[in-house]
Amino acid sequence: MRRSFPFGLNPYSTNTLASVVRALLIPRAISVHSSPMSTQSFQLRLNPLTGESEWVVITEEENERDNNDKNPSSSKSLLAHTSYLDMLNDSYCNRAYRRAIEAAITRPCHVIDVGAGTGLLSMMAARAMASVGGEKEGRVSACESYLPMVKLMRRVLRENGMVNKVKLFPKRSDEIRVGCELDSRADLMVSEILDSELLGEGLIPTLQHAHDELLVPNPKMIPYRAITYGQLVESTFLSKLCDLHNQEISASDGIQLSPVITQNLISLKPKQYAMQCDALSSEINLLSEPFKVFEFDFWKRPESNREAEITVQATNEGTVHAIISWWVLQLDEAGSIFYSTAPKWISSQYITNSLPGKDWCDHWKQCVWFIHDTGLPTLRGKNVSIRAFHNDISISYDTTPEVNKDNSSILKWYEERIITLLPERIGLYGDGNWRLAFITAIRNALNRRSSPLCVVADDSVFLTVLLSSLSESSNVIAFFPGLKDNGTQYIKAVSASNGFSSDRVRVLESKVSSFAMFEKKIEILVGEPFYYGNEGMLPWQNLRFWRERSLLDLALAEDALVIPCKGILKICAVSLPDLWRSRCSLRDVEGFDHSSVNQTLGACGNLPEMQQGPCLAFYLWQCGEIEKLSQVYQLMDFNISKPIHSCLGKLQMKFLKPGLCHGFAIWIDWVLDEMSSNIVSTGPDSRYWKQGVQLLSVPQPVNSTTAYCAEVEASFDHLTGEPSIKSSFS
């Protein structure tokens with residue numbers, strides 16, 4: 001029996017929808033048919049300035065209107081923050097699929113495309129069918145459940161003359177039935193429902209249902225097979241992303257988010273994390289050769305759960321901090337067409353990423369499985385035992401030596417966790433410089449107050465613990481809008497280790513906006529800012545803290561200290577050829593016109609005149625080739641000590657060196673005190689935050705002559721929380 005999900009949403013079989021659901025602005029989306037001729041889509045959209053979510057109703061009529069609208073509605077912009085465009089710009093992958101489809105279709109047959117997206121694979125199949133004389137006998141069926149993508153696919157099919165050659169079903173694949181939607185079972189299934197881990201988009205449940213209900217026995221499959229590989233690595237940086245306890249020991253500042261007796265209360269979720277590991281190649285010590293983990297044969301019904309015992313011989317002495325993994329697709333049955341997500345340092349046959357014509361891409365990365373605590377020491381020639389597991393949607397590892405293995409302690413570790421954070425947040429909380437900046441600012445603020453009322457307006461357990469431990473007389477109130485009760489439980493669990501009683505911290509379960517007055521005036525208002533669950537947002541979307549400070553304006557003492565007291569929008573010119581290429585507007589994709597999808601999918605490069613792509617959030621250090629071309633400029637100030645208001649900024653940018661400017665990196669530096677002596681930067685020099693990237697439609701050659709410059713203008717709308725940034729070159 002297939003499991004059921006709220007609102008009818010099955011994340012394991014929605015195919016293309018799965019990647020959209022994980023996108024920042026679309027945490028959840030469902031489609032309903034209100035009448036035989038009308039379809040509505042409900043999307044849960046987050047307002048970054050308020051932190052509130054609302055259901056946005058999108059109708060077919062609205063989507064059709066947006067297709068020809070120069071000022072698209074908010075519903076249209078939702079797809080701009082997904083990886084669809086990057087996937088369609090992956091020309092090597094597109095060619096590999098085309099070659100495999102053409103090799104598989106040798107006679108008229110029935111093809112089903114699951115998770116069809118824009119319909120690219122469906123159109124490839126229809127064209128291949130026509131080439132073997134199968135236009136009348138052959139059939140191509142396409143399943144796509146996400147309404148905005150359904151509308152986009154219909155447009156692409158229409159513009160390529162494929163409306164009558166591809167039958168589109170706006171449903172999940174597990175909603176399709178033979179004898180109802182389909183006349184017969186399909187002979188060939190094509191799909192691209194893969195994520196960086198391979199299984200995360202529900203590949204296994206989708207294949208199981210397809211083999212049971214939609215496909216003939218022994219069907220043809222594209223892809224035909226996948227193999228996952230791993231490699232043991234030592235990396236100081238990766239160790240910092242998972243070992244908060246030992247980083248705190250090194251910091252020696254007295255604040256213990258991960259005290260020895262309860263160090264598992266705040267930790268990573270045990271899963272693989274997607275990361276561009278090529279960016280770490282110069283600082284990684286490889287401790288093994290690549291090893292095979294699992295092989296998945298798509299042409300037969302896959303199992304939901306498997307386990308593998310793997311013995312890996314260490315090739316170097318060191319400490320295993322992580323397992324880096326990737327996968328290799330065999331697209332055709334003959335074994336001549338491959339696609340790999342391996343890092344570039346891998347050179348073995350069939351697992352190399354150095355494939356002719358393969359460009360950098362961001363939609364599929366490598367994955368990192370972190371080894372807990374201080375890692376696993378090993379010697380050259382020593383065998384390392386690994387147990388690998390997979391379920392329907394993920395692959396996991398266990399490197400615990402048998403002599404140390406205690407199932408009860410492993411279960412206890414899982415049960416102890418109260419708060420799970422992303423690796424970058426774990427690394428940040430263990431960073432000595434970041435901690436020192438806040439400790440200094442908070443200590444200075446407390447020295448100027450007697451028994452102050454302190455309010456933590458965001459989800460910072462660090463600041464809550466810090467305020468409570470530095471002052472015995474302060475009263476601390478925390479909102480924890482995202483952590484909620486987990487934040488309360490966590491503070492109770494770590495209070496004794498940090499020298500304060502948990503009853504000194506009051507957690508309010510109401511929203512900031514519902515508290516205009518307190519029992520006494522707030523003397524210290526703090527935030528990192530950090531809002532749990534919204535870590536992948538653009539830098540200025542943390543200005544939610546400024547709005548919440550404004551909502552509390554009547555509750556603030558006249559001389560209240562706000563930390564941070566100011567945000568500075570910083571900008572610099574950058575060369576980003578790999579990222580620009582991946583976000584370039586589409587024209588011909590394997591012989592099919594995709595030019596009409598550019599605005600919807602957030603294209604940035606090679607746009608028509610006067611058009612500008614959206615500003616997107618990226619970890620710049622993971623964006624392939626990158627070079628800074630200018631100094632860092634201050635574009636705009638946000639005076640958080642005052643209520644939120646609109647802002648303007650303008651500057652003239654000079655260039656430090658000649659190069660090709662692809663756009664601008666944008667971030668916020670948080671000023672923690674009025675003397676500007678403690679500043680926390682979220683810029684590209686730190687790997688813990690994403691930066692905003694505004695790509696140019698046409699890259700600009702620049703040089704360092706005094707006559708050459710760029711003018712940048714910016715405005716911030718305090719009602720929407722969104723900045724507008726425009727540039728011109730002279």
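At distances below 3.5 Å, at least one donor-acceptor pair connects side-chain atoms of E144 with backbone N or O atoms of Y146. Side chain of Q208 to backbone of P302: a donor-acceptor contact under 3.5 angstrom is found. A distance-only check finds a donor-acceptor pair linking the side chain of R177 to the backbone of D174 [under 3.5 Å]. No donor-acceptor pair under 3.5 Å is formed between the side chain of E213 and the backbone N or O of A210. Between the side chain of Q247 and the backbone N or O of G427 there is no donor-acceptor pair closer than 3.5 Å. Under the 3.5 Å distance criterion, the side-chain polar atoms of N316 are matched with a main-chain donor or acceptor of L286. Remark: side-chain polar atoms of Q330 are not paired, donor with acceptor, to backbone N or O of A226 under 3.5 angstrom. Judged by distance alone, with hydrogens and angles left aside, the side-chain atoms of N94 form a donor-acceptor pair with the main-chain N or O of L88 at under 3.5 Å. In terms of modelled atom types and a separation under 3.5 Å, the side chain of T420 and the main chain of K269 share no donor-acceptor contact. In terms of modelled atom types and a separation under 3.5 Å, the side chain of S258 and the main chain of L244 share no donor-acceptor contact.
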Open item on the list: Could you walk me through whether T341 and Q366 satisfy the side chain to side chain donor-acceptor pair (under 3.5 Å) test, starting with their C-alpha distance in whole Å, then the side-chain angles of each, then the deciding distance to 0.1 Å, before giving a yes or no?
Closed with: CA-CA 6 Å; T341 64; Q366 294 78 47; 5.5 Å; no
- [ ] Decide yes or no on salt bridge (Lys or Arg N to Asp or Glu O under 4.0 Å) for K344 and D278, but give the supporting numbers first.
- [x] CA-CA 6 Å; K344 290 184 178 179; D278 283 326; 5.2 Å; no
Task: Working for side-chain contact (heavy atoms from CB on, under 4.5 Å), residues I284 and F237 - done: CA-CA 9 Å; I284 279 181; F237 174 69; over 6 Å; no
TODO: Could you check Y97 against R95 for side-chain contact (heavy atoms from CB on, under 4.5 Å), going step by step and ending with a plain yes or no?
DONE: CA-CA 5 Å; Y97 267 91; R95 286 196 300 271; over 6 Å; no
- [ ] Report the C-alpha separation of M221 and L207 in whole Å, then their side-chain angles, then the decisive distance to 0.1 Å, and conclude whether the side-chain contact (heavy atoms from CB on, under 4.5 Å) test is met.
- [x] CA-CA 10 Å; M221 298 291 293; L207 288 175; 3.4 Å; yes
Task: Evaluation steps, salt bridge (Lys or Arg N to Asp or Glu O under 4.0 Å), between R225 and E295 - done: CA-CA 7 Å; R225 174 182 289 124; E295 185 170 326; 3.0 Å; yes
Open item on the list: Show, in sequence, the C-alpha distance, side-chain angles and deciding distance for I324 and C367, and conclude whether the side-chain contact (heavy atoms from CB on, under 4.5 Å) test is met.
Closed with: CA-CA 6 Å; I324 290 179; C367 280; over 6 Å; no
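Between F462 and Y429, the two ring planes are parallel [angle under 30°; tilted spans 30° to 60°]. Ring-plane geometry between F294 and F296 is classed as tilted, the angle between the planes lying from 30 to 60 degrees on a 0 to 90 degree scale. Classification of the W326-Y229 ring pair by plane angle, with boundaries at 30° and 60°, yields parallel.
Side-chain atoms of L194 and E201, non-hydrogen and from C-beta on, never get closer than 4.5 Å to each other. Residues L241 and M275 form a side-chain contact, since some pair of their non-hydrogen atoms from C-beta on lies under 4.5 Å apart. The shortest side-chain heavy-atom distance between R185 and L214 does not fall under the 4.5 Å cut-off. In this structure the side chain of R687 reaches within 4.5 angstrom of the side chain of L280, judged on heavy atoms. Annotation: side chain of P270 is in contact with side chain of W369 (closest heavy-atom distance under 4.5 Å). Using a 4.5 Å heavy-atom threshold, the side chains of D90 and D359 count as separate. Two residues are said to be in side-chain contact when any heavy atoms from C-beta on lie closer than 4.5 Å; I323 and V368 fail this criterion. Looking at H372 and F370, their side chains never come closer than 4.5 Å, going by heavy atoms from C-beta outward.
In this structure, Y84 has its ring center at least 6.0 angstrom away from the ring center of H363.
Scanning all heavy atoms of the two residues, the minimum distance from H209 to S173 falls at CE1-O, 3.2 Å. The two residues L232 and I386 make their nearest non-hydrogen contact at CD2-CD1, 3.8 Å. Of all heavy-atom pairs between I371 and L376, the closest is CG2-N, 4.1 Å. The minimum heavy-atom distance between A279 and Q622, with the atom names listed, is CB-CA, 4.3 Å. What you find for A104 and K220 is that their closest heavy atoms are O-NZ, 2.7 Å. Residues Y688 and K240 approach most closely at OH-CD, 4.4 Å, considering heavy atoms.
Atoms CG and CD1, from D187 and I105 in turn, are 10.0 Å apart once rounded to the nearest 0.5 Å. The distance from the CD1 atom of I393 to the CG atom of L199 is 9.0 Å, given to the nearest 0.5 Å. With rounding to the nearest 0.5 Å, the separation of CD1 in I112 from OG in S141 is 6.0 Å. In this structure, the separation between OG on S288 and NZ on K382 is 14.0 Å, given to the nearest 0.5 Å. Note that OG1 of T319 and CG of N285 are 9.5 Å apart. Values are rounded to the nearest 0.5 Å. Here the straight-line distance linking atom CG of L120 with atom CD of E192 works out to 8.0 Å at 0.5 Å rounding.
Shown here is N305, whose CG atom has more than 12 heavy atoms of other residues, nucleotides or ligands within 6.0 Å. Around CD of E333, the count of heavy atoms belonging to other residues, nucleotides or ligands within 6.0 Å does not exceed 12. Around the CZ atom of R380, the shell of radius 6.0 Å holds no more than 12 heavy atoms that belong to other residues, nucleotides or ligands.
S340 pairs in a side chain to side chain contact (heavy atoms under 4.5 Å, CB included) with only one of the listed residues (I346, L329, V328), which is V328. Applying side chain to side chain contact (heavy atoms under 4.5 Å, CB included) to L331 and the options F338, Y339, F298 leaves one that passes, Y339. For the side chain to side chain contact (heavy atoms under 4.5 Å, CB included) test with W327, the passing option among I227, T228, D195 is T228; the others fail.
Side chains of N246 and D243: a donor-acceptor N/O pair is present below 3.5 angstrom, by distance only. Side-chain contact check for T315 and E289: no donor-acceptor pair (N or O, by modelled atom type) lies under 3.5 Å. Counting only N and O atoms by type, the side chains of Q541 and N534 include no donor and acceptor under 3.5 Å apart. At a cut-off of 3.5 Å, with distance as the only test, no side-chain donor of D373 or H245 sits close to an acceptor on the other residue. With 3.5 Å as the limit, one finds a donor-acceptor pair spanning the side chains of S582 and D86. Side-chain polar atoms of W345 and Q231 form a donor-acceptor pair below 3.5 angstrom.
Ion pair E307/R387 flagged as a salt bridge, since at least one NZ, NE, NH1 or NH2 atom sits closer than 4.0 Å to an Asp/Glu carboxylate oxygen. One finds no salt bridge joining R99 and E102 here, because no Lys/Arg side-chain nitrogen approaches an Asp/Glu carboxylate oxygen to under 4.0 Å.
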